[in-house]
Structure formats: C-alpha cells, structure tokens
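We name chains A, B, ... by the order of the sequence lines, and we start the count at 1 in each one. Remember, predicted model here, so these are calculated numbers, not experimental data.
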Amino acid sequence: MSASPLRLRFAPSPTGYLHVGGARTALFNWLLARKTGGKFLLRIEDTDKARSTDESTRAIFEGLTWLGLDWDEEVVFQGANLDRHRADAERLLATGKAYRCFCTAEELQTRRAAAEAAGGAFVYDRRCDALPKDEIARRVEAGHAFVVRFRVPAGDTSWDDLVHERITFPNKDIDDFVILRSDGTPIYNHAVVSDDIAMGITLVMRGDDHISNTPKQILLYEALGAALPRFGHLPMIHGTDGKKLSKRHGATAVGDYQHLGILPQAMVNFLALLGWSPGGEFEEVMTMERLVAAFSTDGLLRKASVFDPKKLEWMNGQHLARLPIAEVAARVTPLVVAAGYTTEADLEARREWWHTLLELLRVRVRLLDEIVPMAETYFREAVTYDPDAVAKQWKDPAALGPLLAATRETLAALPTWEAAPMEAQLRALAEQKGVGTGKLFQPLRVALTGQATSPGLFDVMLVLGRERSLARVRAAEQVLAGMVAAG
RNA sequence: GGCGGUAUCGUCUAGGGGACUAGGACACGGCCCUCUCAAGGCUGGAACACGGGUUCGAAUCCCGUUACCGCUACCA
C-alpha cells in the first residue's frame with residue numbers, strides 16, 4: 001500500500017484507568033504497526049490539568065505493558081508542547097486563518113441558551129471577526145482577554161475513511177471553533193493536530209466518537225500547510241444493554257480484568273475480535289503472533305459491538321488450557337502463596353508435583369483465581385468437609401464406614417501407588433461388594449478432598465500421595481463412626 | 001433540535017447479486033463420554049429492522065422510514 005512505513009499513535013488522556021475501549025484502540029494501532037513494520041507511538045494528552053493525574057498515566061503504561069502492547073520511541077506528553085501549540089496558533093493568527101474573539105464565556109453561554117430556546121442551533125456569529133483592526137489593537141493593548149478562533153472557510157470537508165467510506169461535512173455546519181483559550185492553552189483539536197504533525201503521524205486510527213472532530217482537524221492541517229494523514233474510525237464498544245460501556249457495567253478497566261484472573265493474551269484475543277474479523281472461516285482462539293499475521297484494515301467493522309464478559313471468560317479458559325504449564329505456574333504461584341497455602345520455595349522444590357496439580361485443575365476453570373480455592377485441599381494435611389458434599393454422599397454412614405475401610409485396605413495392599421492398578425482393584429472391590437462404582441467413588445472423593453467435585457479420583461490420589469490418601473480415608477472412617485454414634 | 005455514523009441469531013461475527021432451506025463462535029437446552037466437575041464430541045432452538053425501488057434474481061446495490069449511537073464546550 002503506502003511506500004513509507006506507517007506511523008500510528010495511541011493518544012489517551014490520563015483521566016482514569018485504561019478503559020477496554022481505549023485498550024482496543026491501542027491494540028488495533030499496535031497490530032497494524034507490527035504487521036506493516038510501522039511505528040506505534042504513545043502520547044499522553046494531559047492538557048486538562050484539572051482531570052489529569054500521574055496515577056492515571058501510570059495505569060495506562062501498566063495496562064498497555066500487561067497487554068503486551070509495547071510502544072516505539074519516547075512517550076510524548078502533550079503538556080510539554082505548549083509552546084508549539086501556541087506558536088501554531090499564532091501562525092494561524094498571522095496568516096489570517098484565525099482571529100481573536102473577545103466574547104466572554106458568560107456571554108456565549110447566554111447566547112447559546114437563547115438560540116436553543118428559540119429552537120435553533122447556536123453558531124458563533126463571527127462578530128469579533130468583524131471588529132476593525134484598530135479596535136482589536138486597542139482591546140489587546142488594554143489587556144482584554146481573548147480566545148483564538150479558527151475561521152472555518154466555505155465549502156465542504158471530506159475524507160476517505162479507512163473504516164467507513166467517504167465522509168463529508170458541509171463547512172457551514174462547523175462552528176468557528178476555539179483553538180486557544182484565553183489563558184493561552186490549546187483546545188483539544190488544535191493540540192492534537194499540532195502534535196500529530198510534529199510526530200509525523202500518517203494514519204490516525206481512533207474511536208468513531210471522533211468523526212465529527214475530523215473535519216475540524218483536516219481544516220487545521222490545511223491551514224497549517226501540513227500533509228494530511230489518513231483517518232480510520234473504529235466503532236465503539238458497548239455494555240450488554242447496548243449503551244456506551246461505563247462503570248455501571250462493572251469492570252471496564254483492563255486492570256479490573258487482570259485482577260479477576262484474566263490472561264492478557266485472552267484479553268487481547270477477545271478485544272481483537274470486537275470490531276474486527278479476519279473474514280471467512282477462522283479459528284477464534286489466536287495467539288498474538290497469529291493476530292499480527294491475520295490483522296488487516298480490510299476486516300475492520302463499522303458497527304458498535306457489545307462487550308460480552310461470558311465470551312471473554314470462555315476465551316480465557318481456552319488460552320488457559322493451551323498455555324505452557326510453566327507459564328500457568330508462574331501466574332498461579334503468587335496467588336496460592338498469597339492465600340497462605342505454601343511458599344514459593346516449597347513449590348519450586350516440588351515443581352513437578354505442582355505442575356501435575358495445575359494440569360488437573362486448569363482445565364476445570366476459566367479464571368486463574370478460580371484455581372486457588374480448588375488447590376487448597378492438596379496443600380492441607382487434614383480435610384475440610386463441605387457440608388453439602390457430606391450430606392449428599394455420606395447419607396448412610398453405617399454402611400459406608402466398612403466400605404471405606406475395605407477400600408483403604410485394598411489401597412494399602414497395593415504394591416505400587418499407580419493409577420491403573422488402583423482403578424482395577426477398586427472397581428473389583430465395588431463389584432465384589434455389589435455396589436456401582438459411583439456408590440464407591442463418590443463417597444471416597446469426599447473422604448479424599450472434602451468436596452463433591454474434583455479431578456479424577458486416581459489423579460487425586462496420586463497428587464495426594466499414598467500416606468495422605470490413606471490417612472484421609474481413615475479420618476473419614478472415624479467421622480462416619482462418629483455420625484453413627486450420634487445417631 | 002442540527003450534523004454525522006450504524007443496522008444479519010440474545011451476543012461476537014461469516015456473507016460483498018444467484019453457491020443461503022443464511023454458516024461459525026459465545027450463551028442456552030438435549031445426547032454421548034463418564035467416578036464427580038470440567039474439557040471434548042454430536043445435536044436443537046434462535047437473525048437478514050421496515051417500506052419502496054434497480055435487476056431475470058437482493059442479506060448483498062440505491063432511496064426513504066424507524067431505531068440506536070456519537071458530536072454539538074474557553075473537556076479530551
């Protein structure tokens with residue numbers, strides 16, 4: 001396509017956390033940069049001093065890093081470019097592309113209210129543009145406050161959007177917008193254009209809530225005599241109720257999902273499929289590498305999509321099941337250590353055992369954190385019995401006690417502690433006792449784990465080890481005996 | 001209100017005039033597997049917003065309507 005490498009950017013304002021919508025925008029820019037050998041730049045739009053915080057800036061860095069979206073070159077802080085923004089505005093003033101406006105915010109507010117009351121749309125009437133030169137000079141001399149307004153020329157402004165087709169705005173519908181506040185700081189559209197020009201951005205890919213800003217920005221590029229970049233407007237991401245995603249929908253920051261136990265690769269995969277499709281038949285579960293290879297602006301969709309947490313969870317389960325076990329261990333180890341079950345050194349010492357346990361558990365969960373409670377019983381000496389499991393599986397303590405005793409003796413008699421002979425002997429025992437395997441295995445599961453559900457029984461006994469398994473069965477026998485005695 | 005954008009199963013999407021009795025995925029139901037729970041396999045219900053055109057033929061092209069979303073600040 002284009003001969004020179006693409007220069008793309010993600011330009012969030014640090015006024016909150018990294019939102020999933022922003023993350024998706026960043027992802028698409030990153031994907032395209034990596035796919036085409038272009039650059040992916042990061043610019044922090046911190047010109048709104050009142051709302052910008054360092055904490056938010058950090059959250060953006062952390063969020064992007066967690067997702068694996070690394071940026072090229074130095075981070076640009078918009079606030080540091082104030083002098084250039086001002087100089088560009090001065091240049092527009094000098095070339096007659098912009099003019100000073102002395103109307104106060106209060107006056108404007110009143111006129112706007114009046115216009116709306118009359119049922120019409122408010123457009124600035126250019127009264128200050130009609131001021132005589134000497135009057136302007138007099139007011140400036142007298143120190144009257146003024147803003148700088150861009151004089152929107154007549155005509156139409158249009159562009160070929162990368163996602164949409166051609167979009168056209170009649171200039172008459174565009175107000176003479178302010179580019180410099182009375183305190184000399186730039187307004188968004190002006191700062192963006194000034195910075196995008198300075199950064200050499202060749203493709204502006206952002207949310208489609210910026211579509212109506214685009215004609216203003218194009219006009220600014222032209223007035224500044226700069227080459228136009230291409231524009232691409234991505235659809236929004238909505239909540240399950242079809243409304244723009246917000247706090248009401250629960251977790252909206254990527255950090256929220258990180259703490260919920262979502263894997264970054266799952267988040268990336270899920271987000272990539274919101275507003276983009278490789279087209280045709282395709283496997284939905286993809287690695288970063290595959291996404292980069294498959295990504296193309298041709299597959300960009302125009303319709304807003306709904307963020308479905310259920311599908312994200314499913315996606316996470318898929319990635320969790322495919323991840324190399326060492327990576328799963330790296331992520332779960334801190335969690336079980338934090339839960340107080342064990343220490344990192346202990347897990348390192350019995351790495352193989354730990355990995356075996358994780359293999360058994362990971363396929364049964366969708367979120368990383370869900371592994372933690374499941375793993376607990378394998379770290380404890382004694383079993384904590386789940387009341388529901390006991391109520392369901394230990395209904396007949398008098399009959400069960402002897403059966404578990406027989407089970408324990410059978411297991412204890414095994415020359416080796418291996419799954420196959422274990423299973424063969426226990427099945428034989430069930431048959432000999434005239435009970436279905438379920439009638440034997442289910443109560444035994446409760447005896448071994450305290451739970452009604454668990455990985456396969458023989459896997460459980462292997463992980464537990466011979467001594468602990470036998471001890472737990474014996475403990476269960478005692479509990480059952482107590483139940484019989486208690487009536 | 002004005003301007004702009006969008007419109008395929010509940011959700012994510014395939015589809016770019018005939019291959020569509022509209023395909024896949026998530027979710028939901030059933031069945032299989034089975035010591036439980038998952039995973040996996042099979043399977044069921046479920047959609048082209050509406051109305052006009054264009055065409056031999058429209059989910060696909062055009063127009064209108066409706067709905068939804070965004071913008072409409074000396075916010076970003």
K.L.:
Phosphate oxygens OP1/OP2 of G5(B): is one of them under 4.0 Å from a side-chain N or O of R302(A)?
P.N.:
no
K.L.:
Just by distance, do the side chain of D161(A) and the backbone of V163(A) share a donor-acceptor pair under 3.5 Å?
P.N.:
yes
K.L.:
Applying the Watson-Crick and G-U wobble criteria at under 3.5 Å, what pairs with U55(B)? Answer none if nothing qualifies.
P.N.:
none
K.L.:
Sticking with atom C1', work out how far G23(B) lies from A46(B), rounded to a whole angstrom.
P.N.:
14 Å
K.L.:
Rounded to whole Å, how long is the line connecting atom NZ of K311(A) with atom P of C12(B)?
P.N.:
9 Å
K.L.:
Can you tell me the Watson-Crick or wobble partner of G40(B), both distances under 3.5 angstrom?
P.N.:
C32(B)
K.L.:
Using the C1' atom as the point on both nucleotides, what is the distance between A76(B) and G16(B), in whole Å?
P.N.:
37 Å
K.L.:
Rounded to whole angstrom, note down the P distance from A73(B) over to C12(B).
P.N.:
31 Å
K.L.:
Give none if C75(B) has no partner; otherwise give the nucleotide forming a Watson-Crick or G-U wobble pair with it, both distances under 3.5 Å.
P.N.:
none
K.L.:
Give me the distance, rounded to whole Å, that separates U66(B) from A25(B) when you measure between the P atoms they each carry.
P.N.:
38 Å
K.L.:
Say you pick atom P in G40(B) and the same atom in A22(B); how far apart are they, in whole Å?
P.N.:
27 Å
K.L.:
Mapping P455(A) and Q318(A) to their closest nucleotides on RNA chain B, which lands nearer the 5' end?
P.N.:
P455(A)
K.L.:
Check R149(A) with D129(A), please: is the shortest side-chain N to carboxylate O separation under 4.0 Å?
P.N.:
no
K.L.:
What does G45(B) pair with, Watson-Crick or G-U, if both distances are under 3.5 Å?
P.N.:
none
K.L.:
Check the orientation of W276(A) and F295(A). Use parallel for under 30°, tilted for 30 to 60°, and perpendicular for over 60°.
P.N.:
tilted
K.L.:
Hey, would you say the W354(A) and Y378(A) ring centroids sit under 6.0 Å apart?
P.N.:
no
K.L.:
Closest nucleotide of RNA chain B for K216(A) versus for S305(A): which of these residues is on the 5' side?
P.N.:
S305(A)
K.L.:
Are K303(A) and U8(B) close enough that a side-chain N or O sits under 4.0 Å from OP1 or OP2?
P.N.:
yes
K.L.:
Look at the side chain of S182(A) and the base of C74(B), then say whether one donor and one acceptor between them are separated by less than 3.5 Å.
P.N.:
yes
K.L.:
Is the shortest side-chain heavy-atom distance between N269(A) and L273(A) below 4.5 Å?
P.N.:
yes
K.L.:
For G18(B) versus A59(B), give the span between their C1' atoms, rounded off to a whole number of Å.
P.N.:
13 Å
K.L.:
Pick the P atom in G10(B) and in G5(B), then give their distance to the nearest Å.
P.N.:
27 Å
K.L.:
Strictly by Watson-Crick or wobble contacts shorter than 3.5 Å, is anything paired with C50(B), and which nucleotide is it?
P.N.:
G64(B)
